[in-house]
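Here the structure comes first, spelled out in structure tokens, and everything after it is commentary.
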Amino acid sequence: VVVVWLLERLVGSPARYFLLLGRKHLHVCMQAWLRVCLGDSRDKEQSMFENVKVGDVVATITLTGLTRLVRIKRFTKKMVYVNSSVYTGVLDKYSREDGSRIGKTLFGGTSLTTVDDPRVVRRLANTFYNDSLVSILGSYGNGMDKDLDVEALVSRLEDIKSYLDDTSAVIRDASELVDRFI
Amino acid sequence: MFESLNTGDKIAVVESFALSKHVVIRVVTRITAAQIHVGDEKFRRINGMSVGHRGSSRKSIVDVDDRVVLDSLAREKLRRVLYEISRRDSTYIGQDGALKMLGEIRDEVDAAIELISDGERLTVVEES
């Protein structure tokens with residue numbers, strides 16, 4: 001109880017330390033330590049990333065390239081919090097001048113970056129392309145065509161064509177592409 | 001149906017399976033009073049006309065303009081287009097790569113539509 005009380009006094013986030021006591025999340029423990037060491041200024045004006053606000057959508061990229069879009073939940077001078085504590089980033093250590101990369105996870109595995117980062121757009125385009133093809137094959141390619149005549153088949157191919165056009169339009173427009181994944 | 005059939009004409013060989021039919025376009029190589037020869041295969045005339053059967057096999061010959069033949073070839077074409085789509089390597093193609101691939105697939109679909117709509121091109125003789 002004393003330890004919890006002390007931690008609450010230091011950081012003011014009881015739920016986090018109940019988790020810590022639950023022994024489940026080592027990274028939460030590490031974060032606590034980091035927050036104590038780096039300080040936890042809640043003054044958002046001091047943020048070195050003026051363009052990034054709470055509620056903004058950012059992207060996480062794992063070492064294997066897996067990309068997810070997440071919203072910033074909380075922002076401090078040194079750190080940014082997104083979906084869960086796993087994606088906490090240390091901004092001043094890993095930022096770049098162009099602002100494209102706003103953080104890195106505590107253990108260095110996952111980068112936090114802005115959605116207009118070319119890596120993010122590339123990955124989302126890839127995912128959307130694959131999803132669209134799976135959708136086309138799922139809708140038109142599973143043996144449903146055995147009773148169709150020529151006219152019906154032409155109409156089906158026209159449908160596929162317009163689906164491909166829609167997919168191209170989304171991939172061409174990066175902001176539209178991002179919207180699809182939020 | 002085969003009254004006016006001559007040597008060198010196109011003919012559709014239809015192979016029936018339990019749930020599907022496989023159609024191939026071939027050339028008639030020889031005609032006798034009782035049989036129609038298509039390559040190495042001989043088809044029997046039934047009552048001197050109508051559908052020819054190859055002995056007791058599940059193969060028969062049908063006129064190339066037959067609706068069954070055109071529909072079947074068109075379905076086969078659609079299957080091939082979808083197969084081509086499914087086997088494309090899409091690893092790390094990115095935005096430009098995806099647009100390029102989508103353009104290529106669209107061209108393939110366009111070509112398939114043209115082909116399916118044109119009965120003459122659809123029933124091109126296949127190598128035996």
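Chain identifiers are assigned alphabetically (A, B, ...) following the order of the sequence lines, protein sequences preceding nucleic acid strands; residue numbering begins at 1 within each chain.
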- Message: As an exercise: rank Met101(B), Arg67(B), Lys21(B) by heavy-atom pairs under 4.5 Å with chain A and give me the winner.
- Response: Arg67(B)
- Are Val23(B) and Phe17(B) connected in the hydrophobic side-chain network, where two residues link if heavy atoms are under 4.5 Å apart? no
- Message: Quick check on Leu157(A) against chain B: is it the side chain, the backbone, both or neither that has a heavy atom closer than 4.5 Å?
- Response: both
- Taking everything shown except Arg30(B) itself, do over 12 heavy atoms lie less than 6.0 Å from its CZ? no
- Message: Would you say Ile25(B) ends up clustered with Val27(B) if hydrophobic residues are merged whenever their side chains have heavy atoms under 4.5 Å apart, either directly or through other cluster members?
- Response: yes
- Query: Any idea which heavy atoms bring Ala125(A) and Gln95(B) closest together, and the distance?
  - Reply: CB-CA, 3.6 Å
- Message: To check you understand the geometry: which heavy-atom pair defines the closest contact between Leu99(B) and Ser168(A), and what is its length?
- Response: CD2-O, 3.4 Å
- Leu133(A) CG to Ile105(B) CD1 distance, which is reported to the nearest 0.5 Å: 4.5 Å
- Message: Would a single hydrophobic cluster contain both Val125(B) and Leu70(B), if residues Ile, Leu, Val, Met, Phe, Trp and Tyr are joined by side-chain heavy-atom contacts under 4.5 Å?
- Response: yes
- Note on the structure: On a heavy-atom basis, the closest approach of Leu82(B) and Leu137(A) is O-CD2, 3.3 Å
- Message: For a quick test of reading the model, state the closest non-hydrogen atom pair linking Asn126(A) to Gly94(B) and the distance between them.
- Response: OD1-N, 2.9 Å
- Is it true that atom CZ of Arg121(B) has more than 12 heavy atoms of other residues, nucleotides or ligands lying nearer than 6.0 Å? yes
- Item | Rounded distance (nearest 0.5 Å) linking atom CD1 of Ile113(B) with atom CZ of Arg156(A) | 13.0 Å
- Note on the structure: Rounded to the nearest 0.5 angstrom, the CD1-CD1 distance for Ile93(B) and Ile171(A) is 7.0 Å
- ILVMFWY network linking Val124(B) to Ile11(B), side-chain heavy atoms under 4.5 angstrom: no
- Query: Do Val28(B) and Phe43(B) share a hydrophobic cluster, counting only Ile, Leu, Val, Met, Phe, Trp and Tyr and linking them when any side-chain heavy atoms are less than 4.5 Å apart?
  - Reply: yes
- Task: Quick one: closest heavy-atom pair of Arg75(B) and Leu153(A), and the distance?
- Result: N-CD1, 3.3 Å
- Rounding to 0.5 Å, atoms NZ (Lys161(A)) and CG (Leu102(B)) come to a distance of 14.0 Å
